[in-house]
Amino acid sequence: MIPGKYRSVSGRAANNVNCGLHLVIQTSSLPEKSKVEFKLNKETPSFSGRLLQHDLERNYSSRQGDGRVISPSPRNKSSCISSTTNVTELCGLEMKTAMSSLSAFGDSSIQTPSKSRIRQGCHSAGPNVSGDHITLASSSMPSFPILQRSSEEKILYSDRLTLERQKLTVCPIIDGEEHLRLLNFQHNFITRIQNISNLQRLIFLDLYDNQIEEISGLSTLRSLRVLLLGKNRIKKISNLENLKSLDVLDLHGNQITKIENVGHLCDLRVLNLARNLLSHVDNLSGLDSLTELNLRHNQITFVRDVDNLPCLQRLFLSFNNISTFESVCCLADSSSLSDITFDGNPIAQESWYKHTILQNMTQLRQLDMKRVTEEERRMASVAAKKEEEKKRESHKQSLLKEKKRLTINNVARKWDLQQHRISSIAPNQDRKVSDCPQDPSQLRGSTVSAFPEETGSLDSGLTSALQGLSVTDTHLVEVDGDTLSLYGSGALESLDRNWSVQTAGMVTTVSFTFIEFDEIVQVLPKLKIKFPNSLHLKFKETNLVMLQQFNALAQLRRVDQLTVDPQGNPVVNFTLWKYYVLFRLSHFSMQKINGTEVTQNDMIMAERLFGILAHVASSELPQYRLISILGDARKKQFRYLLETKGKKPGLVNEENSDSKRLVGENTNRATLNYTTRDFYNERLEEIKEKKKFCKMYMEDLVKEATEINMKNEALQKLWPQMFIELVRDAVIEIRNKNSYMKLCLQQITDQK
Amino acid sequence: MLSPERLALPDYEYLAQRHVLTYMEDAVCQLLENKEDISQYGVARFFTEYFNSVCQGTHILFREFSFIQATPHNRASFLRAFWKCFRTVGKNGDLLTMREYHCLLQLLCPDFPLELTQKAARIVLMDDAMDCLMSFSDFLFAFQIQFYYSEFLESVAAIYQDLLAGKNPNTVIVPTSSSGQHRQRPPLGEASMLEGVEASQFSQCLENLCDRHKYSCPPPALVKEVLSNVQRLTFYGFLVALSKHHGINQALGALPDKGDLMHDPAMDEELERLVVRSRLHRTSRQHRAEEPGAFGFQRRDKLEAPESMPSASASSPYPYRWEPRE
């Protein structure tokens, strides 16, 4: 029954000196006769029973339940017996039943061999049983029986006393046995430890399978080395203060919820707390000699303080509730630990279990009762590395995902706020068109400055991986396959970045979310340059409210598909919007709008609806206006370049025409362009200025003109009279011919 | 220039009143704005073109709202341009919302105020159900009244409110029995008596208003005619009556009669040409898409297409152009 492994370890264990008990285990082929010799010997300190204990527990725990459970009927019986019976005979104080006492170390209570021997030894129960060696007599106090042994018994077994299965409900008063070193009360119904304080030489006390509820009455037993209290009803570890030399403490099968009051037991080497109600392991410091700790069958979720046990070699944590390595990570810091079990824990089900444990606890020799081989260790380290990497990767992924989600939420909130604020600022104007009165540059500035950006390191990795994202609080840029997604106005700045040629080439879809369309318009030229292959544009929550806004898209190189989400884009509610898009962007020959294929009929319809507009715009516009509208755009382009050089984003306008586009697009449509609100307002201001000047200038001119006109008119009025007067004067002058001739001649001679 | 009124006013005021100054100012302003371009083809040419376009009414296209509403002529021109450009929308039978009409207006005048469109829609819809759909002609005629006479209507609204509040200081007119009194909305009966104001009283006030109003207002005779048909009326009732009165439309002169609203043969012909061309354009583009090396041609045929394509010849989508160049 005892595995060979066990014996091999026993030799090693025997080297551990400093033990007052020596258990010699003899194994024969017949379990019936297997006997254990139990010696109390200070000088030969070897204790290997603990090994057996473990085996026993392992063998029987599966078969048996808790061992703590005692049905009420025998208890009643026993109390009845104890009251009626005065004397109990204890026959055959057989020290060779150590097997059963040893079994007390384990969880199991009943063992056939020991039982049979006890039967053979004592037929207890009746008062007049044959072969009386021990007499339990009533003492002066009615409840305590007094134990007396015959003298020959005393001589034979001077240092040991076994009161097994005597249906005792109380400890009897043991008289004249001060030299006792071993006392066995197994399988009784004792509820309280008492009447043994005089046995000061006691080394071994076995109270296995009783009904003790509190540890007490042991304060005088200073030499006690082995205390077996398995299968009782103890709720708390207490009153062990004076048992300084305790070597083995067995408390298995009780109701203990917490490890406490054991710090002073510096000689304790074996502690059994299996089958209790522990929820965690803690408070272990001070147990400097502890080599074995049994914690099987508890509800332990985490383990601490184990690294404070310098001698701990074996730790049994089977059948608990440990699910992560983090909760037992202190084990990795223990250098002495060589044997550990985790079976029956959730952690043992994990794929990473074995290699994680082995990776972290290189000192281990046995895991779950199996020897750890070098091969396994190697495998573990490899697997652990892989696992680690995978975990890190997935962690990173999930982190990014979460971050992305949060950022999008944040951007959405900001967007809503902004929309709301704008509408509240301009309540008399319409909400959707009212973005003009707000000074957007200021608004943008405040939001951006409140959340400093932190793009950079994250980003470099993603461009190469083509899959990833850069996150800041106010916006999000994501490249996923062929889609570039921009959330929040700040994301537009990412277009300034140096995108790798590969990434830029891959991107065919650009989606804008939570960005003012007017802001998008400003970066369209950049988009055209940086992502020349972008064919599909998506807009969601971009404040597309007017048909004319689509004009701005005409400046792009190519657009095959356009998706405008109705959310945050009221323009989609218009019946004409698709036709207008088709009409205005007809030079792209678009394939799909909002996922619907564009048909020839759609194109014709668009032309029918808006063709005249284009015709009027191109043919009826006076030449100078045509030039100015188309030229304007060119000028603005130039201006935009200047402004971006000066790092002043904001009031930049982009119109849909540059010299190239005139070629790619129907000229008659080029006049239909879109000016962003900001710029338009700015231009209106400019015009106002000019108008003011013109007005003054014209006023002066007209005044001058009217003045001249007035003078002219006055002159016109006077002129006939003047003319008559002039003629009259002339006639009077030449009336006298002779004198006039004289005068003339005179004048001529004077001149000479 | 030589109308007798000229003599009644000093020159400057006369010019201002006739909006000559406005156009002169604007012309100089435009000149200033496009100095470089205009200097290339001559200032005289520019002024010729400018005043020609003013005469034709094309000067308001894509101009700012402040200019468009500056003179009655500009307003009428804008109305006409709007009708001309979007007649097709009406012809197609689409019913649109106020917002969509507003968008169409903004295609011609980017900063056209929503307020005006809203007011016009209110005339059609008579209440605040502003999301209702309107037919093109309803909207257009209501818009015409609202836009062309907006200052006048504002004054009228003020007068109406005064009358409604019963505080007309000047005149308390004893209602003379009118024959038309029972003709309007007989089923409403008493209810119609309760809402609105006395038509005759209102008419009197408007007459006064027309006399002293410096902005353009509808011909007083026609206003009187509108008002003489009913005994009581509401403000919007009045506006609706104005907008539906074809005499006022004629007097205004910007739009054709309601019956001829969808009729514009010259433009229709032009449109047919455009449609045919766009069809060709599309097919040609599709060809091109299949032919990757053809980008060199794109430039050329694009530019030449408008001139080279006669309106009717839909048959030959210039296949000769696809020959590779030698």
Side-chain angles (χ1 to χ4, degrees), chain A residues 429-430 433 545-548 570-571 573-576 586 589 600 603-605 607-617 620-625 627-629 631 663-668 671-672 674-675 680 683-684 687-688 690-691 693-695 697-699 701-703 705-706 709-710, chain B residues 10-12 15 21 24-26 28-30 32-34 36-38 41 45-46 49-50 52-53 56 58-59 61-62 64 66 81 84-89 92 94-97 99-100 103-104 106-108 110-111 114 267 270-271 274-275 278-279 281-282 285-286 289 298-299 302-303 306:
Chain A
Q429 286 229 15
D430 177 60
V433 204
V545 291
M546 295 177 289
L547 296 178
Q548 104 199 79
V571 78
N573 298 327
F574 296 164
T575 39
L576 296 176
S586 63
S589 301
Q600 177 85 12
M603 293 300 288
I604 290 171
M605 189 66 197
E607 197 62 36
R608 276 197 192 286
L609 283 173
F610 293 103
I612 289 183
L613 174 67
H615 175 75
V616 166
E620 302 199 353
L621 214 56
Q623 185 72 19
Y624 75 94
R625 289 273 299 149
I627 287 172
S628 92
I629 286 176
V663 178
E665 190 187 344
N666 277 347
T667 23
N668 65 0
T671 42
L672 295 171
Y674 176 61
T675 315
Y680 194 81
R683 222 183 78 184
L684 287 184
I687 289 174
K688 219 186 235 170
K690 276 183 187 156
K691 251 193 180 146
F693 168 77
C694 290
K695 195 170 172 141
Y697 178 70
M698 282 312 295
E699 221 164 275
L701 270 185
V702 170
K703 262 188 190 144
T706 47
N709 190 33
M710 241 161 67
Chain B
D11 297 343
Y12 187 79
L15 289 174
L21 286 182
M24 284 164 75
E25 275 166 25
D26 187 60
V28 174
C29 206
Q30 293 288 313
L32 207 59
E33 208 161 310
N34 309 297
E36 294 92 353
D37 297 323
I38 290 166
Y41 71 95
R45 182 79 215 134
F46 161 73
E49 261 186 21
Y50 180 84
N52 267 338
S53 75
Q56 287 161 10
T58 56
H59 60 304
L61 288 171
F62 312 116
E64 61 275 8
S66 58
K84 208 168 174 181
C85 289
F86 300 112
R87 178 181 57 91
T88 44
V89 173
N92 193 38
D94 286 328
L95 299 179
L96 306 180
T97 60
R99 244 169 236 300
E100 203 156 0
C103 262
L104 297 182
Q106 280 189 323
L107 285 175
L108 292 178
D111 61 340
L114 185 74
M267 274 297 156
E270 189 63 41
L271 184 62
L274 285 169
V275 167
S278 90
R279 196 175 297 173
H281 177 71
R282 191 171 164 81
R285 271 192 75 100
Q286 276 164 355
Q298 193 166 344
R299 181 169 302 224
K302 269 280 170 54
L303 278 177

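Letters A, B, ... mirror the listed sequences (proteins, then strands); counts begin at 1.
Of the inter-residue distances, the one linking A:Leu547 atom CG with B:Gln106 atom CD reads 9.0 Å to the nearest 0.5 angstrom. Once rounded to the nearest 0.5 Å, the distance linking NZ of A:Lys688 with SG of B:Cys29 reads 13.0 Å. Rounded to the nearest 0.5 angstrom, A:Met605 CE and B:Thr88 OG1 are separated by 8.5 Å. Rounding to the nearest 0.5 Å gives a distance of 8.5 Å between CG of B:Leu95 and OG1 of A:Thr575. For the atom pair CG of B:Leu274 and NE2 of A:His615, the computed distance is 7.0 Å after rounding to the nearest 0.5 Å. Note that the CG atom of B:Leu108 and the CG atom of A:Leu613 stand 6.0 Å from one another [nearest 0.5 Å].
Both the backbone and the side chain of B:Asp111 come within less than 4.5 Å of a heavy atom of chain A. Residue B:Arg45 does not touch chain A at all, counting heavy-atom pairs closer than 4.5 Å. For A:Leu684, the part sitting under 4.5 Å from any heavy atom of chain B is the side chain, from C-beta outward, and nothing else. With a threshold of 4.5 angstrom between heavy atoms, B:Phe86 approaches chain A through side-chain atoms but not through N, CA, C or O. For chain B, no part of A:Met710 is nearby; none of its heavy atoms comes within less than 4.5 Å. Only the side chain of B:Gln30 comes within less than 4.5 Å of a heavy atom of chain A; its backbone N, CA, C and O stay farther away.
Not counting sequence neighbours, the partners of A:Lys691 by the salt bridge (charged side-chain N to carboxylate O under 4.0 Å, His left out) test are B:Glu64. For B:Pro110, the side-chain contact (heavy atoms from CB on, under 4.5 Å) partners two or more places apart in sequence, or in a different chain, are A:Gln548, A:Tyr680.
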Given the rule in the side chain to side chain contact (heavy atoms under 4.5 Å, CB included) test, do B:Val28 and A:Lys690 qualify, once you have shown the distances and angles that lead to the verdict? CA-CA 9 Å; B:Val28 174; A:Lys690 276 183 187 156; over 6 Å; no
For A:Val616 and B:Met267, what are the C-alpha separation, side-chain angles and deciding distance, and is it a side chain to side chain contact (heavy atoms under 4.5 Å, CB included)? CA-CA 9 Å; A:Val616 166; B:Met267 274 297 156; 4.1 Å; yes
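Put simply, the side chain of A:Lys695 does not reach to within 4.5 Å of the side chain of B:Leu21, judged on heavy atoms. A:Glu620 places a side-chain heavy atom less than 4.5 Å from the side chain of B:Lys84. Looking only at side-chain heavy atoms (C-beta outward), A:Pro622 and B:Tyr50 stay at 4.5 Å or farther from each other.
Looking at every heavy atom in both residues, A:Arg608 comes nearest to B:Val275 through CG-CG2, 3.8 Å. Nearest heavy atom pair, residue B:Thr58 against residue A:Leu621, reads O-CD1, 4.4 Å. Nearest heavy atoms, B:Leu271 versus A:Glu607: CD1-O, 3.5 Å.
Around atom OH of A:Tyr697, no more than 12 heavy atoms belonging to other residues, nucleotides or ligands sit under 6.0 Å away.
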